[in-house]
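One structure is given here, and the rest of the page talks about it.
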Amino acid sequence: MKLIYEQSQPGRRASNIPKPDLPVPEVPDGLARTTPPRLPELAEPELVRHFTKLSTRNFGIDTGFYPLGSCTMKYNPRVNERLVGLPGFRDLHPLQEEDGAQGALELMWRLQEILVEVSGLHACSLQPAAGSQGELTGLMLMRAYFEDRGEGDQRRRIVTPDTAHGTNPASVTMAGYELVGIKTDARGNIDIDDLRAKVDETTAGLMLTNPSTLGLFDEHVEEIARIFHDAGALMYYDGANLNAVCGISRPGDMGFDIVHINLHKTFSQPHGGGGPGGGPIVVRDVLEPFLPAPQIVRDGQTFRLDYDRPKSIGKVRGFYGPFGVFVRSYAYIRTFGPRLREMSEVAVLNANYLLARLRDAYELPYDRLCMHEFVVSARNLKREHGITALDVAKRLMDYGIHPPTIYFPLVVPEALMIEPTETESKETLDAFVDAMLAIAREAAEEPQTLKEAPHGRPVRRLDEVRAAKRAIVTYGFDAHPDLHDEAGASAIEAPKGV
Ligand SMILES: Cc1ncc(COP(=O)(O)O)c(C=O)c1O
């Protein structure tokens with residue numbers, strides 16, 4: 001496909017702008033440009049076709065099945081978009097007086113109440129704009145809590161398992177804590193013996209996803225909570241996987257003190273490619289005074305913003321958080337109503353259905369029932385036919401399916417991490433299984449087809465590291481330094497799949 005600049009022909013126009021009736025203002029000499037801007041020149045049909053073609057080259061949840069483990073790409077009902085577009089929500093200015101924003105404040109307050117209820121904790125702040133920002137906020141709360149108790153200098157270490165999402169160690173480091181890694185045992189749980197040896201009076205807390213990124217519920221979670229609380233430390237729950245347990249089991253009841261919830265993953269918000277998202281934080285009562293300000297509170301029948309919070313860690317985001325995400329998530333939750341647990345039950349059922357149908361063709365590193373996602377390994381295909389998880393993922397594209405997450409979690413070699421979500425039909429799940437089983441057969445019968453996949457996509461195999469590190473986002477005209485600087489480009493070496 002040609003770039004828009006390559007289609008450009010001098011003098012072509014897609015619009016016919018009338019001459020202005022008003023006098024054209026003089027641009028001061030020093031400010032006026034001396035050469036015309038280098039804009040593409042196209043007639044309207046070419047312009048429309050160009051952008052229409054571009055719009056069909058992306059894959060999204062609206063174009064097909066997207067079983068990207070850990071990222072929870074569920075279908076977002078259209079009605080949520082209509083609701084967020086209601087003028088009362090859409091046109092509201094964040095600096096609107098509280099009196100004129102009662103509906104928006106009430107929606108946020110109600111959402112907080114629901115998140116408090118599903119977490120089994122006591123108070124909520126909607127401010128963080130993503131799970132990772134929720135993590136950082138939670139760690140800042142831990143620090144404020146321990147400083148308030150005079151233990152700030154003593155408690156410098158955060159424990160996190162080797163299955164943790166990459167954002168966990170990153171947040172720990174950003175928050176200025178020392179990271180302590182814990183191993184995973186043969187059943188996919190935290191290794192309790194390793195844990196016991198590493199928790200003491202210098203520990204500030206644990207950061208744990210439950211179910212883990214292996215899609216497994218930790219069978220010792222109560223014991224883990226005892227170990228941390230006996231040491232005077234706190235328990236942080238990375239609630240990115242709440243989709244597995246929402247309305248069924250509550251982090252607060254498991255012993256966690258701080259939770260973040262990825263609204264965009266658990267409830268509803270089109271996301272991907274880095275956002276937008278929402279990462280509200282929910283805490284036990286002892287941490288409530290430290291929550292970001294302002295807090296949204298209810299006084300009788302009115303709702304207001306409470307800035308009078310002397311122990312607050314302050315603001316972590318502009319205004320009150322990503323409001324559009326709140327409206328969509330609230331709508332999704334209210335659609336289920338008291339049956340909210342069905343969301344998680346179906347997500348878990350769908351994942352176990354896929355697992356049951358795939359387990360003979362792909363290796364299963366931990367032979368247990370899974371939660372909302374699961375990890376299989378292409379290690380058998382690699383050993384027997386030289387086919388890797390990357391080859392399987394690329395070939396899936398030829399079947400019209402977005403690849404699952406690969407090479408993560410790091411503890412499973414040739415990992416394929418699959419998450420169907422509750423929004424997919426049995427027919428879609430069966431089509432995915434058929435494709436995965438066909439690929440396993442192809443691995444034995446025609447491995448070269450897999451090695452060269454994808455065959456039917458606009459681009460084949462990319463140098464993903466180079467594409468990420470040296471993204472070319474402007475047209476090069478005569479000479480683009482990035483296009484010609486081979487020496488510089490080859491200096492960027494990193495293992496694939498990392
Ligand atoms: C387990 C886990 N923790 C944290 C995050 C980070 O969330 P976000 O992408 O919203 O920053 C994710 C994202 O997928 C996740 O799966």
Side-chain angles (χ1 to χ4, degrees), residues 61 66-74 76 115 119 125-140 158 160-175 179 182 184 188 190 205-218 221 235-246 251 256 258-282 316-317 321-322 324-326 328-329 344 347 351 370-375 402-412 415 417-421:
I61 192 73
Y66 206 139
L68 196 62
S70 180
C71 293
T72 320
M73 303 300 278
K74 56 172 86 170
N76 295 275
L115 300 182
S119 305
S125 166
L126 299 176
Q127 269 185 36
S132 43
Q133 201 191 10
E135 292 168 25
L136 184 63
T137 307
L139 292 165
M140 288 160 69
I158 300 280
T160 192
D162 55 8
T163 52
H165 194 262
T167 50
N168 289 186
S171 300
V172 170
T173 308
M174 268 183 87
L179 184 73
I182 298 289
T184 297
I190 277 193
L206 168 76
M207 222 175 184
L208 181 68
T209 310
N210 193 27
S212 68
T213 55
L214 291 167
L216 300 175
F217 193 93
D218 200 296
V221 69
M235 297 267 292
Y236 182 95
Y237 184 91
D238 174 338
N241 290 341
L242 195 71
N243 210 51
V245 295
C246 195
F256 289 90
I258 311 174
V259 174
H260 88 253
I261 295 170
N262 295 49
L263 293 181
H264 46 295
K265 291 179 41 169
T266 307
F267 302 116
S268 179
Q269 169 65 34
H271 65 285
I281 192 110
V282 195
V316 296
R317 191 174 189 280
V325 185
F326 304 157
R328 293 183 184 94
S329 293
S344 293
C370 67
M371 299 298 288
H372 66 312
E373 63 190 357
F374 61 95
V375 179
H402 193 285
T405 299
I406 53 173
Y407 298 106
F408 181 77
L410 303 176
V411 293
V412 177
M417 186 190 200
I418 297 164
E419 180 175 3
T421 84

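When a residue number appears, it is its place in the shown sequence, counting from 1. Remember, it's 1-based here, ligands and their atoms both numbered in the order they're listed.
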*Heavy atoms, side chains only, cut-off 4.5 Å: are T72 and N262 in contact?*
no
*Residues in ring pair (Phe, Tyr, Trp, His ring centres under 6.0 Å) with H271, at least two apart?*
H264
*asked:* Tell me every residue that passes salt bridge (Lys or Arg N to Asp or Glu O under 4.0 Å) with K74, counting only those two or more places apart in sequence or in another chain.
replied: E422
_Suppose we screen for side chain to side chain contact (heavy atoms under 4.5 Å, CB included). Which residues come up paired with S268, at least two apart in sequence or across chains?_
N76, P77, N80, R328, Y332
*Rounded to the nearest 0.5 Å, how far does CD1 of I261 lie from CG of L115?*
4.5 Å
*In terms of the angle between their ring planes, are H165 and F408 parallel, tilted or perpendicular, with boundaries placed at 30° and 60°?*
perpendicular
*Neighbouring residues of ligand 1, heavy-atom cut-off under 4.0 Å*: S70, A130, G131, S132, E135, H165, T167, T209, D238, A240, N262, H264, K265
